[in-house]
Amino acid sequence: PLNFIGELRGRTDRQKFIIKTYSIVMTMLAITAAFTTLVIYHMPLQNWMKANWWLHWVSLILGFILMITMACGKKLCRLVPVNYVFLFSFTACWTYMVGGFCSYFDPISVLAAAVMTLAMFVGLTALTVFLKDKHFGFLAGFASALGAVLFPAIIFSWFFPSKILYMAICALVVVLSSVYIIFDTKLI
């Protein structure tokens, strides 16, 4: 069996921080993936979630409240076990929403999107880790500009739906996510 604590002993503080951060993110993603799979393939749960659609709004509002609380109450959120309670609650809110939204789509499409997202995350993380001498400061401006273009496009698509616009928005979201993954990983 893997001795996780023993593996961390010989590492630098920076390496320990990265390992802990990625372990938390992977745990959050695993919880979301497991629940989403359950919702997609368990019809009674799927039907119950669709019948109680208002709980998606409750999860959305509670998720934002938790996110704002964690951002503003940094001292409180750095205390153990309070930090884990906040992270688990935040994960539960967003997991419920993702699972509910995915129940409206074809399971194969959801699986394809999940695999592509995982491949993108692993690939971009590896790129960022192995390109040690490269500076990605310009990506902050690029991400801001892309977000400024993306936000009005999403609002426009609500009023004038189009498959081409939908695909363009999806592509821009993938590019924006990629930029944030590279930039945030490089900051770590």
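Since the structure is predicted, the reported quantities are computational estimates derived from the model, not experimental observations.
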Report, one line per pair, each donor and acceptor closer than 3.5 Å where one atom sits in a side chain of residues 39-46; sequence neighbours left out.
from : atom 1 : to  : atom 2 : distance (Å)
H42  : ND1    : L45 : N      : 3.2
Q46  : OE1    : K50 : NZ     : 3.4
Q46  : NE2    : V39 : O      : 3.0
Q46  : NE2    : I40 : O      : 3.1

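- Counting heavy atoms of neighbouring residues, nucleotides and ligands inside a 6.0 Å radius, atom OH of Y104 exceeds 12 of them.
- The stretch residues 83-96 participates, sequence neighbours left out, in these side-chain hydrogen bond (donor to acceptor under 3.5 Å, both in side chains) pairs: T32-T95.
- Under the side chain to side chain donor-acceptor pair (under 3.5 Å) criterion, T36 pairs with no residue, sequence neighbours left out.
- When the side chains of ILVMFWY residues are joined at heavy-atom separations under 4.5 Å, either directly or via intervening members, V85 and V25 end up in two distinct hydrophobic clusters.
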N/O donor to acceptor pairs below 3.5 angstrom from side-chain atoms of residues 55-78, sequence neighbours left out:
from : atom 1 : to  : atom 2 : distance (Å)
S59  : OG     : L55 : O      : 3.2
T69  : OG1    : I65 : O      : 2.7

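- S103 pairs by the side chain to side chain donor-acceptor pair (under 3.5 Å) definition with nothing, not counting sequence neighbours.
- The cluster map of Ile, Leu, Val, Met, Phe, Trp and Tyr, joined by side-chain heavy atoms under 4.5 Å apart, puts M26 and F35 in different clusters.
- Cluster annotation: V82 and L87 are assigned to the same hydrophobic cluster (Ile/Leu/Val/Met/Phe/Trp/Tyr, side-chain heavy-atom contacts under 4.5 Å, transitive).
- By the criterion of side-chain heavy atoms lying less than 4.5 angstrom apart, applied directly or through intervening Ile, Leu, Val, Met, Phe, Trp or Tyr residues, L38 is grouped together with M97 in one hydrophobic cluster.
- Here I31 is tied into one hydrophobic group with F88, each link being a pair of ILVMFWY side chains closer than 4.5 Å.
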